[in-house]
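Following: one structure in structure tokens, then a few remarks.
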Amino acid sequence: MVVALFRIEDHFVQEMVAHSREEAPNECCGILAGPPGQVAALYRTVNTSASPVRYSIEPKEILRIAQELEEKDWEMLAFYHSHTHSHAYPSATDIQLAFWPDSLYLIVSLADPQQPVIRGFYLRDGQVAEEEMEIV
Amino acid sequence: MAAEVRIPSLLRGQVGGSRSIQASGPTVGHALDDIEARFPGFKERVIDPNGTIKQFVSIFINGEDVRYIQSLDTPLQDGDQVSILPAVAGG
């Protein structure tokens, strides 16, 4: 059996947690990118919803980052956002608005502020599939 | 007019897996019709039945959101780059 695994360096995890804490109580969001299977860059993005329960990345910002990645032959490997008061599991809204089947959706939970939790999921056709993460 | 249309991962299955395809027409809407003619079912993923761009989809021409130009009636020039981007959003 092949176990799917998302490898990510610890400093990217720490940066996602820091971003989540800075934006709390609102949700934060951002993009992880790199060559296939290798996170090489983290892009903080603006949550245009500016809300504790919603996030949205400005389409023009997505386009700008996508074009930058294309020049490097990199991909959008994952999107991250925070849940400031709930668990690290996709909400009904997350599932409904998941339009990127090949990108992992990472959720940073600050439900326990002292013990942030990050989990990753592929969201396809209304289905939730957790991806095991390896922090290196 | 022929433009290069960048296809997001969500829609690549509709166009045989291609990351980008060439499409022709005087406007963005006509270019989408051109794709639809070759890949039936494509357009309904981007356009609502009432003929407007779906709420959680953006279409750009050379980096400009067509919603702020003439939407599907935005004219195309040879060599334009069209990008279709689904939203990144949730709760």
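Chain letters run A, B, ... following the sequence lines, proteins first and then strands; every chain starts at 1. Computed over heavy atoms, backbone and side chain alike; hydrogens, waters and symmetry mates excluded.
- Residues Asp102(A) and Ser9(B) come closest through the heavy atom pair OD2-CB, 3.3 Å.
- Closest heavy-atom contact between Phe99(A) and Pro86(B): CB-CB, 3.4 Å.
- To the nearest 0.5 Å, atoms CG (Leu10(B)) and CZ (Arg124(A)) are separated by 11.5 Å.
- Residue Asp10(A) qualifies as enclosed at atom CG: its count of foreign heavy atoms under 6.0 Å is above 12.
- Most heavy-atom pairs under 4.5 Å with chain A: of the set Ala87(B), Pro8(B), Ser58(B), this distinction falls to Ala87(B).
- Atoms CD and CD, from Gln67(A) and Gln81(B) in turn, are 6.5 Å apart once rounded to the nearest 0.5 Å.
- Proximity to chain B (any heavy atom under 4.5 Å) is restricted, for Glu70(A), to the side chain, taken from C-beta onward.
- Ranked by heavy-atom pairs shorter than 4.5 Å toward chain B, the options Pro101(A), Ser91(A), Ser86(A) are led by Pro101(A).
- Tyr105(A) and Met133(A) fall into different hydrophobic clusters, where Ile, Leu, Val, Met, Phe, Trp and Tyr are joined by side-chain heavy atoms under 4.5 Å apart, directly or via other members.
- Taking CZ of Phe56(B) as the start and CD of Gln96(A) as the end, the distance is 7.0 Å to the nearest 0.5 Å.
- Residues Leu85(B) and Trp100(A) are in side-chain contact: their nearest non-hydrogen atoms beyond the backbone lie under 4.5 Å apart.
- Counted within 6.0 Å of CD on Glu134(A), heavy atoms from surrounding residues, nucleotides or ligands total more than 12; the atom is thus considered enclosed.
- Looking only at side-chain heavy atoms (C-beta outward), Tyr55(A) and Val88(B) come within less than 4.5 Å of each other.
- Scored by the salt bridge (Lys or Arg N to Asp or Glu O under 4.0 Å) test, Arg19(B) finds Glu75(A) as partners (sequence neighbours excluded).
- Atom CG of Asp78(B) sits in a crowded spot, with more than 12 heavy atoms from other residues, nucleotides or ligands closer than 6.0 Å.
- By the criterion of side-chain heavy atoms lying less than 4.5 angstrom apart, applied directly or through intervening Ile, Leu, Val, Met, Phe, Trp or Tyr residues, Val46(B) is grouped together with Val66(B) in one hydrophobic cluster.
- Cluster annotation: Val128(A) and Leu106(A) are assigned to distinct hydrophobic clusters (Ile/Leu/Val/Met/Phe/Trp/Tyr, side-chain heavy-atom contacts under 4.5 Å, transitive).
- Taken together through direct or relayed side-chain contacts under 4.5 Å among Ile, Leu, Val, Met, Phe, Trp and Tyr, Leu42(A) and Ile8(A) form part of one hydrophobic cluster.
- The backbone N or O of Gly91(B) sits less than 3.5 Å from a side-chain atom of Asp94(A), completing a donor-acceptor pair.
- No other option in Ile107(A), Leu63(A), Leu123(A) has as many heavy-atom pairs under 4.5 Å with chain B as Leu63(A).
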